[in-house]
Amino acid sequence: MFDIRAIRDNPDAFRAAWNRRKPGLGDIVDQIHAHDGALRKAVTDKQDAEKVRNENSKLIGRAKAEKNEQEAARLMALVAEAKLTIEAAGEQEAAAKGLLDEILMGLPNLPLAEVPQGQDEEGNVEQSRWGEPKRINNPKDHADLGEALKSDFGFSQMDFDSAVKMSGARFVALRGPLARMERALAAFMLDLQTGEHGYEEVSPPLLVKDQALIGTGQLPKFEVDLFKATNFDSDRFWADYNVAHEAQLDQFRDIGYGNISSEEIREASLKRQREWLKKYNSGEYNDPRYLIPTAEVPLTNLVRDQILDGSRLPLRFTAHTPCFRSEAGSAGRDTKGMIRLHQFNKVELVSIVENEEAGLAELERMTGCAEEVLKRLNLPFRRMLLCTGDMGTGARKTYDLEVWLPSQNTYREISSCSYCGDFQARRMDARFRKEAGTKPEFVHTLNGSGLAVGRTLVAVIENYQNEDGSITVPGVLRPYMGGLETIA
RNA sequence: GGAGGAGUGGCAGAGUGGUUGAAUGCGGCGGUCUUGAAAACCGUUGAGCCUUCGCGGGCUCCGGGGGUUCGAAUCCCUCCUCCUCCGCCA
């Protein structure tokens, strides 16, 4: 969401920024301006009429107390007239607000000036590199290595076949030492971020309401990327439906079937059915939840609908959770292995700060916190500054960390750290008060992966592979794996 | 799942149809007193929006939504949340 007053005052700045996101998108400013004008006109009209109603209602009370019925009747007529105006203006207000919100909620955040212009990942700019890729002769990819490794019971430690049978494509079951290594990675990351970087560990809900996703920006535009868990109340729906059906039949009977054409009956029935189809799909009989696509959603929503104490900022949260993504639109990409799954684990970092200056400093800090994980695992990586076309909707500036994958002879994304300004805060109504007595201000939010656990496992397997197909356990993970040095 | 109760300002807690955006207490802020502090006393203290260059004026909000009424925190409907008891359950 955006500050409508800022758009009014600087329409050209918004126009230019949205055009940087996507050529032509800035023209939306004209529509916003039109709807905003209509909205304010309607609001003013309504308020004027409400004033008339309120004042006269008080006078009515006084007139009645004085037993002046004639005066009371005269005033009541005035109020009745005002109410018509209120109703009409109210409808116009709701219509304009609906159109305006629909536009505003669907627009992406404004990229900061230092973000490079670009259409897709080709436009991203490398910022730095760390570590030297190790020379590996004929490196195998993680899937081949993982499937070849056997658990004590003789099953693949990276068991795609079994997972696919029960859940379909893009799922995996880790078994034995590899499963433990994934847990070790998560524990290591969490200990680092909480113990050394000051993040508070959170165990959040994994199912959230649509409002939470609207808050962080995944909705309304990207519902196809999410897994939705529905729970339709069919008993209540059909009970209500039958009542409406009976009522309509009664209505026909009252009119008399001789006085109504079969065409009219058909029309009326269809209309009723269409209405109920709409209700069927609405939230009225359904209370859906979404599986979180990232812990950014619950962690950021921790501050929703609040006025925080400014002296406590910044707040830093971390959580290790599964993430669920439908991966609609990525058919055919990364179909082999664990790079792109419907379910994966991730350690997420979220920071709540007070303004842009603090936010940009925090972005550097947060990215550093993510990089530290890779450094301690001794995995080569590079830092990319994302271009305007490759950033997520909520972001104003994003760094991606890409880890070296020997099998692909390239760097692959393993973390993404974003500064979101007050974009999410406005959608969530998350504010803070600098000092007692001062106006509340919107907080600024950041989120980043610290790191994607599944992909880190992939990187460890590939970078620590040995000629014989065994995997050397990185030093920092050994304490978490009972001292195990090699997975074979 | 069954039975009952409750949702009011940062917190506690009055208020059941007419100057109530809301008594009172605590907390916060400012002040008096004091060498300083405490205590005491006085004042002040919700949010959002519209309008105005500004001073100011106005509207909305007492869990959410809808309704009754000239007028609703107060009455009705509905949903949500919380509490107590019973049942079931990781």
Side-chain angles (χ1 to χ4, degrees), chain A residues 1-9 33 35-94 96-98 100-101 104 203 205-212 214-215 231-237 239-241 243-244 275 279 282-289 301 303-312 422 425-443:
Chain A
M1 196 49 112
F2 300 91
D3 181 0
I4 188 69
R5 275 171 296 200
I7 302 178
R8 265 176 225 153
D9 296 343
H33 183 72
H35 293 313
D36 179 45
L39 174 63
R40 284 193 291 163
K41 167 90 166 64
V43 166
T44 309
D45 289 351
K46 193 179 83 169
Q47 290 186 0
D48 288 347
E50 280 170 340
K51 186 184 176 191
V52 171
R53 178 200 63 191
N54 292 347
E55 284 175 347
N56 286 327
S57 288
K58 277 176 191 165
L59 294 176
I60 290 170
R62 222 168 288 170
K64 291 229 172 189
E66 291 165 9
K67 303 267 186 239
N68 189 343
E69 291 300 329
Q70 199 183 345
E71 175 66 1
R74 187 184 73 81
L75 292 165
M76 278 158 86
L78 289 177
V79 170
E81 192 188 322
K83 283 177 76 176
L84 290 176
T85 309
I86 292 169
E87 200 180 333
E91 279 168 19
Q92 284 165 23
E93 179 191 353
K97 193 169 174 8
L100 191 60
D101 281 352
L104 255 23
S203 176
L206 306 179
L207 286 165
V208 296
K209 298 197 217 187
D210 60 349
Q211 277 308 317
I214 287 169
N231 50 350
F232 181 65
D233 187 347
S234 66
D235 286 355
R236 194 161 62 84
F237 176 84
D240 291 356
Y241 176 85
V243 167
E275 260 169 39
K279 290 196 184 199
S282 76
E284 195 175 341
Y285 295 96
N286 211 343
D287 192 14
R289 300 290 137 89
N301 274 279
V303 298
R304 116 181 327 265
D305 291 327
Q306 285 182 63
I307 299 178
L308 300 163
D309 176 356
S311 67
R312 305 303 288 265
D422 62 7
R426 286 178 180 280
R427 290 168 160 248
M428 294 189 302
D429 196 22
R431 294 172 291 172
F432 74 101
R433 211 188 293 274
K434 222 178 187 107
E435 291 164 44
T438 61
K439 278 236 166 232
E441 298 170 48
F442 287 108
V443 297

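All figures in this text were calculated on a predicted structure; none of them were measured in a lab. Per chain, numbering begins at 1; letters A, B, ... match sequence-line order.
The CZ atom of F442(A) sits 11 Å away from the C1' atom of A47(B) (whole-angstrom rounding). The CG-C1' distance, from N56(A) to G71(B), rounds to 11 Å in whole Å. In this entry the distance linking CZ of R433(A) with C1' of G46(B) reads 8 Å, nearest Å. Rounded to an integer number of Å, the gap from CG of N54(A) to P of U19(B) is 12 Å. Look at CD on Q306(A): it is 12 Å from C1' on G10(B), rounded to the nearest Å. Per the geometry, NZ belonging to K209(A) stands 11 Å off C1' belonging to C79(B), to the nearest Å. When the C1' atom of A47(B) is taken as reference, atom CD1 of I307(A) falls 7 Å away, rounded to whole Å. Distance CD1 (I86(A)) to P (C50(B)): 19 Å, rounded to an integer number of Å.
A close approach under 4.0 Å does not occur between any side-chain nitrogen or oxygen of R53(A) and OP1 or OP2 of U69(B).
Among the heavy atoms of the strands lying under 4.0 Å from R8(A) are primed sugar atoms or P, OP1, OP2 only; no base atom is included. Counting non-hydrogen atoms under 4.0 angstrom, K83(A) reaches the backbone sugars and phosphates but no base.
Paired runs in RNA chain B that reach 3 or more consecutive Watson-Crick or G-U pairs, where each pair keeps both distances under 3.5 Å, cover B:1-7 with B:80-86, B:10-12 with B:24-26, B:27-32 with B:40-45, B:46-51 with B:56-61, B:63-67 with B:75-79.
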